[in-house]
*Asks:* 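After the structure tokens below, expect a handful of questions from me.
As a basis for the values below, the full set of heavy atoms in this structure was taken, side chains included, without hydrogen atoms, waters or symmetry mates.
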Amino acid sequence: MRVIAGGLGGRRLVAPKGRTTRPTTDRVREAIFSILGGVTDARVCDLFAGSGALGIEALSRGAAHAVFVESDRAALMSLRQNLAALQLESRSAVIGIPLERAGAQLARFPPFDLVLCDPPWANLAPAVRALERVLAGRLAEDARLVLEHAAEAKPELAPELGFQLTSRRSWGDSGASFFGRKPGEGP
């Protein structure tokens, strides 16, 4: 696994051993960021971060800051190792608790421009409900959200967040739903 593009393009990332974390493949990450386009100066939140590959990719492509939320111990070790190896600690923060309990800590940061979320596919519905609760009021007016899921899934977000589905794509067994907000439509 490696950083695809940007200032850190080509650098290797470590992933946790075992089967509790399913890292986003290079191919899928490349496609997601191609669809997203520019992320320069974005404030990013990487939920269910695993090794941090998605948030690190955003930082490599010019995002200003990334907050990573991850609770799995092995994944946290890989995430912290990747941030240290790439010298990204000053442009990032790690919250090492389950998303359901991360609301107060996320509230310490300015509103997020981009949310990247790759929850365990078997727990997609509860993960979506948790992200809706935790992110309410913590998003920039024109925020974007990418939700990874199994290719056959078709997740939706609560209307209260003010997001609209802009695109849904799949690559093999992996899928992603892209959501956007128009200024003035979010809470």
*Asks:* Can you give me every donor-acceptor pair (side chain of residues 1-11, partner residue at least two apart or in another chain, under 3.5 Å) with its distance?
*Replies:*
residue: R11; atom: NH2; partner: A85; partner atom: O; Å: 3.1

*Asks:* Under the rule for side-chain hydrogen bond (donor to acceptor under 3.5 Å, both in side chains), what residues qualify as partners of N123, not counting sequence neighbours?
*Replies:*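 Listed in chain order: nothing, the list is empty.
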
*Asks:* For a quick test of reading the model, state the closest non-hydrogen atom pair linking L124 to A153 and the distance between them.
*Replies:*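 L124 and A153 have their closest heavy atoms at CD2-CB, 3.9 Å.
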
*Asks:* Going from CZ on R29 to OG on S174, what distance comes out if it is rounded to the nearest 0.5 angstrom?
*Replies:* 11.5 Å

*Asks:* How many angstroms lie between atom CZ of R138 and atom CG of L106, to the nearest 0.5 angstrom?
*Replies:*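 The distance works out to 6.0 Å.
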
*Asks:* Once rounded to the nearest 0.5 Å, what's the spacing between atom SG of C45 and atom CG of L135?
*Replies:*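 Those atoms lie 6.0 Å apart.
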
*Asks:* With side chains defined as the heavy atoms from C-beta onward, is the minimum distance between P119 and V128 less than 4.5 Å?
*Replies:* no

*Asks:* Given side chains that start at C-beta, do those of D41 and D113 come closer than 4.5 Å, heavy atoms only?
*Replies:*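 SC-SC contact between D41 and D113 ruled out.
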
*Asks:* What I'd like to find out is whether the side chain of F109 reaches to under 4.5 Å of the side chain of I95, using heavy atoms alone.
*Replies:*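 Answer yes - side chains close enough.
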
*Asks:* Identify the heavy atoms of L131 and C117 that sit nearest to each other, and give their distance.
*Replies:*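 L131 and C117 have their closest heavy atoms at CD2-SG, 3.6 Å.
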
*Asks:* What is the minimum heavy-atom distance between P155 and H149, and which atoms define it?
*Replies:* CG-CD2, 3.4 Å

*Asks:* Between the main-chain N or O of S51 and the side-chain N or O of N82, is there a donor-acceptor pair closer than 3.5 Å?
*Replies:* yes

*Asks:* Which residues pass the side-chain contact (heavy atoms from CB on, under 4.5 Å) test with E100, not counting sequence neighbours?
*Replies:*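 E100 satisfies side-chain contact (heavy atoms from CB on, under 4.5 Å) with P98, A130, R133 once adjacent residues are dropped.
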
*Asks:* Would you say the side chain of L139 lies within less than 4.5 Å of the side chain of L145, judging by non-hydrogen atoms?
*Replies:*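 Sidechains of L139 and L145: no contact.
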
*Asks:* List the atom of F112, the atom of A143, and the distance in Å for their closest heavy-atom pair.
*Replies:*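 Closest approach of F112 to A143, heavy atoms only: O-CB, 3.5 Å.
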
*Asks:* Nearest 0.5 Å, please: how far is CG in L88 from CZ in R80?
*Replies:*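 With rounding to 0.5 Å, CZ (R80) is 14.5 Å from CG (L88).
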
*Asks:* Answer whether the closest heavy-atom distance between the side chains of P16 and Q81 falls below 4.5 Å.
*Replies:*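 Not touching, per the 4.5 Å side-chain cut-off.
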
*Asks:* May I ask you to decide if V67's main-chain N or O and R43's side chain share a donor-acceptor pair within less than 3.5 Å?
*Replies:* no

*Asks:* Is the closest side-chain heavy-atom distance between D46 and I56 below 4.5 Å?
*Replies:* no

*Asks:* Going by the rule side-chain contact (heavy atoms from CB on, under 4.5 Å), which residues pair with A125 if we only count those two or more places apart in sequence or in a different chain?
*Replies:* R129

*Asks:* Please give the remaining members of the hydrophobic cluster of I35, linking ILVMFWY side chains under 4.5 Å, ordered by chain and number.
*Replies:* V28, I32, F33, L36, V39, V44, L54, L114, L116, V146, W171, F178

*Asks:* List the atom of P120, the atom of F48, and the distance in Å for their closest heavy-atom pair.
*Replies:* CD-CD2, 3.8 Å

*Asks:* Going only through I, L, V, M, F, W and Y residues with side-chain contacts under 4.5 Å, is there a path from I97 to V115?
*Replies:*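 In one cluster with I97: V115, yes.
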
*Asks:* Is it the case that one hydrophobic cluster holds both L83 and V14, taking links as side-chain heavy atoms less than 4.5 Å apart, direct or via other members?
*Replies:*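 The answer is no; the residues belong to distinct hydrophobic clusters.
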
*Asks:* Heavy-atom distance under 4.5 Å between the side chains of F179 and L161, does that happen here?
*Replies:*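 When only atoms from C-beta onward are counted, L161 and F179 do not touch, as no gap falls below 4.5 Å.
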
*Asks:* Do the non-hydrogen side-chain atoms of R168 and K154 ever get within less than 4.5 Å of each other?
*Replies:*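 When only atoms from C-beta onward are counted, K154 and R168 do touch, with a gap below 4.5 Å.
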
*Asks:* Output the distance between atom OG (S78) and atom CZ (R73), rounded to the nearest 0.5 Å.
*Replies:* 13.5 Å

*Asks:* Mind listing the closest non-hydrogen atom pair of L165 and S177 along with its distance?
*Replies:*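 Distance-wise, the nearest heavy atoms are CD1-CB, 3.9 Å.
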
*Asks:* How would you list, by chain and number, every residue that makes a side-chain contact (heavy atoms from CB on, under 4.5 Å) with A150, sequence neighbours excluded?
*Replies:*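 With sequence neighbours excluded, A150 shows a side-chain contact (heavy atoms from CB on, under 4.5 Å) to W121, E152, given in chain and number order.
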
*Asks:* How long is the gap from CD on E70 to CG on L99, to the nearest 0.5 Å?
*Replies:* 10.5 Å

